[in-house]
2 protein chains.
Amino acid sequence: MATKRSYNDACGTGHALDLVGERWALLVVRELLLGPKRYGQLRTDLPGISTNVLAQRLTELEASGIVRKHRLPAPTAAEAYELTDWGLELEPVVRALGRWAVRSPAHDRTAHLSPTSFILSLRTNFDPDLARGVHARYELHLNDEVFQVLIADGTLHAARGHQQQPEAVITARPSALAGVVYGGRPLADAVAAGDVRVEGDPGSVARLAAVLSLPPLVTPAG
Amino acid sequence: MATKRSYNDACGTGHALDLVGERWALLVVRELLLGPKRYGQLRTDLPGISTNVLAQRLTELEASGIVRKHRLPAPTAAEAYELTDWGLELEPVVRALGRWAVRSPAHDRTAHLSPTSFILSLRTNFDPDLARGVHARYELHLNDEVFQVLIADGTLHAARGHQQQPEAVITARPSALAGVVYGGRPLADAVAAGDVRVEGDPGSVARLAAVLSLPPLVTPAG
DNA sequence: CAGCATCCCGATTGATACTG
DNA sequence: CAGTATCAATCGGGATGCTG
């Protein structure tokens with residue numbers, strides 16, 4: 001562990017990969033983009049990561065100034081990990097990667113999806129042109145985490161926390177909701193199957209789907 | 001090799017890392033962003049990559065539809081590798097990573113820099129606001145590769161090939177030129193040391209540096 | 001249980017030698 | 001030149017143990 005391996009590349013991209021190019025590193029960053037998380041939460045949101053790798057990545061990211069330990073407010077008295085301001089600036093990178101990769105023919109949209117990933121996907125795939133004149137407020141309950149979504153003035157705001165006056169409260173697992181808003185699965189099907197629950201205006205879910213657009217799949221001919 | 005390891009993540013970012021997250025993969029892509037290259041050229045531009053890893057990455061990238069083999073025009077009759085249209089769309093990712101990482105305190109700007117990296121850095125760090133009213137044409141000879149740079153109408157064009165009517169032809173190793181345009185090293189020093197050679201208007205180099213701006217280093221306090 | 005540290009094993013990487 | 005083959009070193013994944 002004396003000398004960490006490096007690309008020794010003066011190019012910013014090469015150095016970036018020294019910092020966040022190790023396996024799992026950027027996914028850890030992604031999971032922290034919406035705010036601090038505890039160790040155990042990271043483990044459940046990143047199924048497949050081993051506990052030692054997670055610990056090591058957190059140590060490395062902290063040493064690089066990307067992540068910092070954060071003591072949660074009084075009642076819990078536990079520690080959490082959060083991105084530094086600079087670490088937060090990785091969101092454009094995460095989004096650019098996501099926007100690029102959803103075009104992949106090999107992309108499996110039915111795989112596991114974390115609540116954070118779903119919320120970030122809204123930011124990534126929101127199309128202002130489709131949102132002209134749309135005003136909507138949602139509260140999303142994804143795996144017991146609560147998020148607020150506000151569409152107004154051609155912008156989308158999606159973050160942790162409760163939404164005031166939501167026109168719909170949607171409860172689902174992230175992948176189930178993705179199947180509806182991205183995969184074109186009829187909401188009625190998902191509701192009937194118990195995969196999605198909507199309290200409030202059910203029609204509002206279609207309005208959410210209508211402001212999102214995925215780039216076209218790459219044609220096999222390349 | 002039966003089952004390639006995967007993050008099994010429906011999030012686009014996770015899938016992106018399945019595609020280009022292996023070690024060296026994104027640097028291979030970076031080196032191909034300005035056009036096809038031969039195997040040996042990739043090896044010299046990526047010092048430190050082993051030949052077996054390069055071969056494996058090329059095979060994987062080709063299987064994913066990111067890279068394709070390209071037969072060079074008649075006289076050479078050799079093979080080269082080039083990005084598919086979709087692979088070319090990774091340029092925003094590469095740039096976003098670069099723009100983020102140059103703020104790192106750990107960034108070593110004196111390390112190796114490939115010609116491609118330098119040209120891409122011009123695209124990444126060009127600031128249109130600094131280029132109002134600027135018109136300039138350069139030809140860059142970096143490690144025997146020839147590039148054209150045109151600044152006009154608040155835009156920068158940088159690509160392979162010769163430049164018509166350049167006001168300066170600059171010959172240097174990429175890291176030496178970077179020391180001048182990014183590192184603030186006086187051009188006269190670099191010329192005197194034999195690190196940079198300018199044919200044409202020497203003052204034009206300062207005009208190139210003047211349209212580039214690096215984001216500020218992260219403060220240690222985070 | 002949170003947050004690691006240890007140990008083992010298979011997979012990946014890196015350096016080098018070799019071949020068409 | 002353009003890879004392939006080989007082998008040692010390292011890394012990642014999984015199980016487990018330890019410490020509050």
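By convention in this document, chain letters (A, B, ...) are assigned in the order of the sequence lines, proteins followed by strands, and residues within each chain are numbered from 1. Nothing here was measured: the structure is a model prediction, and the numbers come from that model.
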Whole angstrom value for the distance that separates [atom2] of [N] from [atom1] of [X]:
{"X": "B/Asn8", "N": "D/dG13", "atom1": "CG", "atom2": "C1'", "result": "14 Å"}
{"X": "A/Glu60", "N": "C/dC4", "atom1": "CD", "atom2": "C1'", "result": "14 Å"}
{"X": "B/Gln56", "N": "C/dT13", "atom1": "CD", "atom2": "P", "result": "6 Å"}
{"X": "B/Lys69", "N": "D/dC1", "atom1": "NZ", "atom2": "C1'", "result": "14 Å"}
{"X": "B/Leu58", "N": "C/dT13", "atom1": "CG", "atom2": "P", "result": "13 Å"}
{"X": "A/Arg5", "N": "C/dT13", "atom1": "CZ", "atom2": "C1'", "result": "7 Å"}
{"X": "A/Arg38", "N": "C/dC4", "atom1": "CZ", "atom2": "P", "result": "11 Å"}
{"X": "A/Tyr39", "N": "D/dT19", "atom1": "OH", "atom2": "P", "result": "17 Å"}

Any donor-acceptor pair under 3.5 Å from [X] side chain to [Y] backbone:
{"X": "B/Gln148", "Y": "B/His162", "answer": "yes"}
{"X": "B/Thr84", "Y": "B/Val67", "answer": "no"}
{"X": "A/Arg137", "Y": "A/Leu150", "answer": "no"}
{"X": "A/Tyr81", "Y": "A/Val28", "answer": "no"}
{"X": "A/Tyr7", "Y": "B/Trp24", "answer": "yes"}
{"X": "B/Trp86", "Y": "A/Trp100", "answer": "yes"}
{"X": "B/Ser50", "Y": "B/Asn52", "answer": "no"}

(message) With a 4.0 Å limit, can you tell me whether B/Tyr7 has a side-chain N or O closer than that to the phosphate oxygens OP1/OP2 of D/dG13?
(response)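 Checking B/Tyr7 against D/dG13: no side-chain N or O falls below 4.0 Å of OP1 or OP2.
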
(message) Checking B/Arg30 now: which residues fulfil side chain to side chain donor-acceptor pair (under 3.5 Å) with it, not counting sequence neighbours?
(response) A/Asp9, B/Ser117

(request) Enumerate the residues from residues 14-35 of chain A whose closest heavy atom to DNA chain D is under 4.0 Å, giving them by residue number; use none for an empty result. (result)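 Hits under 4.0 Å, by residue number: A/Glu22, A/Arg23, A/Trp24.
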
(request) Using a strict cut-off of less than 4.0 Å between a Lys/Arg side-chain nitrogen and an Asp/Glu carboxylate oxygen, indicate whether A/Glu31 and A/Arg43 qualify as a salt bridge. (result)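 Looking at A/Glu31 and A/Arg43, the cut-off is not met.
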
(message) One character per nucleotide, please: for nucleotides 15-20 of chain C, 5' to 3', B when the base has a protein heavy atom closer than 4.0 Å, S when only the sugar-phosphate does, - otherwise.
(response) BBB---

